[in-house]
**Q** 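Here it is, the structure in full.
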Protein chains: 2
Amino acid sequence: MTDLFPEKGHDHGRCIDSALRQAEDVAEANNARFTDMRRRVFTLIWQSHKAITAYELLDSLQAEGVRAQPPTVYRALEFLVGLGLIHRIESLNAYFGCDMPHHEHLGQYFICRNCGRVAEAVNDDMSSAVHAAARAVGFRIEATTIEIKGLCHDCATH
Amino acid sequence: MTDLFPEKGHDHGRCIDSALRQAEDVAEANNARFTDMRRRVFTLIWQSHKAITAYELLDSLQAEGVRAQPPTVYRALEFLVGLGLIHRIESLNAYFGCDMPHHEHLGQYFICRNCGRVAEAVNDDMSSAVHAAARAVGFRIEATTIEIKGLCHDCATH
DNA sequence: GACGAAATGATATAATATAACACTTGAAGA
DNA sequence: TCTTCAAGTGTTATATTATATCATTTCGTC
């Protein structure tokens with residue numbers, strides 16, 4: 001069994017660096033400006049593998065000395081979600097970083113209620129089940145939300 | 001192809017009646033009180049096959065002359081969701097009636113962005129894909145949210 | 001009828017999100 | 001280089017969604 005969630009002692013700096021690099025690539029490929037504000041918000045989101053709310057981001061920005069207001073944060077979030085660099089977790093009203101922003105994907109989010117971490121998975125069986133179900137009823141899919149709450153392997157066994 | 005969504009000219013009164021009867025059964029089976037307030041809220045939710053927000057419900061109640069406040073509505077919603085009589089659609093912050101409250105099910109919601117209707121489906125392939133994916137990563141599922149947005153067959157073809 | 005638990009009423013406020021308009025910045029052409 | 005204009009950000013106000021808290025009422029059980 002491979003745990004989707006990052007190992008306890010992993011080098012998180014590398015996660016952040018890699019995410020930033022990928023984000024810059026994607027932004028460039030889309031002719032989109034990865035401004036300072038957007039980079040700050042993106043980096044804050046990547047500070048952990050948990051989902052973070054807009055107002056938590058706002059507090060962090062203000063703690064850093066940035067004079068930000070809610071619209072600033074929501075705009076950055078909108079931009080990042082639009083490029084697929086982060087995902088919104090509907091059931092938490094929170095955001096978290098995507099580690100595969102390069103390709104379109106129908107992601108599923110596993111959310112641990114104990115440690116708060118989120119892991120994204122891409123599962124072909126699930127994707128095809130969704131598409132087959134939609135096809136069977138003549139529904140034209142534009143967006144899907146699949147969020148699974150419970151206990152991650154670490155929290156379920158310790 | 002069978003459309004999940006109700007036919008245009010269907011007798012909606014029968015939907016409501018049947019839903020009410022089922023809800024009463026479920027409440028009784030759970031030794032739960034289906035009070036007047038809860039019945040009102042439940043009936044309002046069943047007025048359409050769309051999802052309705054808490055504050056829309058509040059407005060409707062007040063229009064009916066009931067002196068209700070937000071907590072009243074949220075309590076009724078909590079009760080109804082708890083018994084599985086209604087479902088919350090996370091991506092809409094709204095609620096809609098379940099037509100199979102008798103059995104546990106991992107439901108999927110198809111949401112039409114054009115007409116606003118919601119249809120619930122239960123799909124074994126999808127359920128088993130979710131469970132298989134969770135098993136593969138040692139995740140213990142407690143709740144799942146599957147919401148699919150797009151165009152229903154009617155709206156996609158007309 | 002008295003009691004206690006459950007439900008509801010009422011007030012206040014927290015948490016999440018957006019509208020509207022002003023100002024700044026930066027890329028692209030003149 | 002200067003101008004211009006669209007995109008981005010700042011700022012203020014407010015809309016929308018949700019809950020905490022305590023008082024009162026209702027209802028089944030004794």
Side-chain angles (χ1 to χ4, degrees), chain A residues 23-24 26-45 50-62 64-83 85-96 116 145 147, chain B residues 23-24 26-45 50-62 64-83 85-96 116 145 147:
Chain A
E24 276 159 3
V26 170
E28 178 156 9
N30 285 273
N31 253 314
R33 285 161 59 195
F34 201 59
T35 62
D36 185 55
M37 193 71 222
R38 290 165 177 173
R39 178 190 313 270
R40 277 175 193 282
V41 170
F42 182 81
T43 305
L44 284 171
I45 291 171
K50 303 181 186 180
I52 184 169
T53 70
Y55 279 78
E56 286 168 349
L57 287 167
L58 183 57
D59 288 346
S60 296
L61 285 172
Q62 290 174 341
E64 284 180 357
V66 180
R67 279 167 59 100
Q69 296 299 321
T72 301
V73 174
Y74 280 102
R75 285 167 186 153
L77 291 170
E78 184 182 19
F79 171 86
L80 296 168
V81 168
L83 280 187
L85 301 175
I86 63 171
H87 297 295
R88 174 178 165 86
I89 306 295
E90 297 291 349
S91 59
L92 299 178
N93 297 331
Y95 301 82
F96 103 114
T145 299
E147 299 172 5
Chain B
E24 276 158 3
V26 170
E28 178 156 10
N30 285 273
N31 253 313
R33 285 162 57 195
F34 202 59
T35 62
D36 185 54
M37 193 69 227
R38 290 165 177 173
R39 177 189 315 271
R40 276 176 193 282
V41 170
F42 182 81
T43 305
L44 284 172
I45 290 172
K50 303 180 187 180
I52 184 170
T53 69
Y55 278 79
E56 287 169 351
L57 288 166
L58 183 56
D59 288 347
S60 296
L61 285 172
Q62 290 174 341
E64 284 180 357
V66 180
R67 280 166 59 98
Q69 296 299 321
T72 303
V73 175
Y74 281 102
R75 284 166 184 153
L77 291 170
E78 183 181 19
F79 171 87
L80 297 168
V81 168
L83 281 187
L85 300 175
I86 62 172
H87 297 296
R88 175 178 165 85
I89 306 294
E90 298 290 348
S91 59
L92 299 177
N93 297 331
Y95 300 82
F96 103 113
T145 300
E147 299 171 6

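The figures that follow rest on heavy atoms only: side chains count, while hydrogens, waters and symmetry mates do not. Proteins get letters first, then strands, A, B, ... in listed order; numbering begins at 1 in each.
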**Q** Please report the distance, rounded to the nearest Å, between CG in A:Leu77 and P in C:dA17.
**A**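 Result: 9 Å.
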**Q** In terms of relative ring orientation, are B:Phe96 and B:His87 parallel, tilted or perpendicular, with 30° and 60° separating the classes?
**A**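 Tilted.
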**Q** Please report the distance, rounded to the nearest Å, between CG in B:Asn31 and P in C:dA5.
**A**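 Rounded to whole Å, this separation is 17 Å.
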**Q** Starting from C1' on D:dT17, measure out to CG on B:Asp59 and report it in whole angstrom.
**A**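 Rounded to the whole Å, the gap is 13 Å.
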**Q** Side-chain contact test, heavy atoms from C-beta onward, threshold under 4.5 Å: evaluate it for B:Arg88 versus B:Asn93 and give yes or no.
**A** yes
**Q** Nearest 0.5 Å please: distance from the OH atom of B:Tyr95 over to the CD1 atom of B:Ile52.
**A** 11.5 Å
**Q** Once you round to the nearest 0.5 Å, how far does CD1 of B:Ile45 lie from OG1 of B:Thr53?
**A** 10.5 Å
**Q** What's the spacing between B:Leu61 CG and B:Leu44 CG if we round to 0.5 Å?
**A**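 The distance works out to 5.5 Å.
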**Q** Please confirm whether the shortest side-chain N or O distance from A:Arg88 to OP1 or OP2 of C:dT16 is below 4.0 Å.
**A** no
**Q** If I compare all heavy atoms of A:Leu83 with all of A:Val26, which pair ends up nearest, and what's the gap?
**A** O-CG1, 4.0 Å
**Q** Show the atom names and distances, to 0.1 Å, of all donor-acceptor pairs under 3.5 Å that link a side chain in residues 32-43 of chain B to residues at least two apart or in another chain.
**A**
{"unit_1": "B:Thr35", "atom_1": "OG1", "unit_2": "B:Arg38", "atom_2": "N", "d": "3.4"}
{"unit_1": "B:Asp36", "atom_1": "OD2", "unit_2": "B:Arg40", "atom_2": "NE", "d": "3.1"}
{"unit_1": "B:Arg38", "atom_1": "NH1", "unit_2": "B:Arg33", "atom_2": "O", "d": "2.6"}
{"unit_1": "B:Arg39", "atom_1": "NH1", "unit_2": "B:Glu24", "atom_2": "OE2", "d": "2.3"}
{"unit_1": "B:Arg39", "atom_1": "NH2", "unit_2": "B:Glu24", "atom_2": "OE2", "d": "3.4"}
{"unit_1": "B:Arg40", "atom_1": "NH1", "unit_2": "B:Glu64", "atom_2": "OE1", "d": "3.1"}
{"unit_1": "B:Thr43", "atom_1": "OG1", "unit_2": "B:Arg39", "atom_2": "O", "d": "2.7"}

**Q** Can you measure B:Leu57 atom CG to D:dA18 atom P for me and round it to whole angstrom units?
**A** 11 Å
**Q** Using a 3.5 Å distance criterion without hydrogens, assess whether the side chain of A:Glu147 forms a donor-acceptor pair with backbone atoms of A:Ile89.
**A** no
**Q** Can you list, by residue number, the residues of residues 33-42 of chain B that have a non-hydrogen atom closer than 4.0 angstrom to DNA chain C?
**A** B:Arg33, B:Thr35, B:Met37, B:Arg38
**Q** A quick test of your reading: do over 12 heavy atoms of other residues, nucleotides or ligands sit less than 6.0 Å from CD of A:Glu78?
**A**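 Count not over threshold, so no.
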**Q** I need the CG-C1' distance between B:Asn93 and D:dT19, as an integer number of Å.
**A** 14 Å
**Q** Using atom CG of B:Leu58 as one end and atom C1' of D:dT19 as the other, report the distance to the nearest whole Å.
**A** 14 Å
**Q** Just how far, in rounded Å, is P of D:dT17 from CD of B:Glu90?
**A** 14 Å
**Q** Residues of residues 67-76 of chain B with any non-hydrogen atom less than 4.0 angstrom from an atom of DNA chain D: list those, numerically ordered, please.
**A**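 Nucleic-acid contacts, sorted: B:Pro70, B:Pro71, B:Tyr74, B:Arg75.
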**Q** Taking N and O atoms by type only, does the side chain of A:Tyr55 place a donor or acceptor under 3.5 Å from a partner on the base of C:dA17?
**A** yes
**Q** Just the rounded figure in Å: distance from C1' of C:dT16 to CD1 of A:Ile52.
**A**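 After rounding, the gap between these two atoms is 15 Å.
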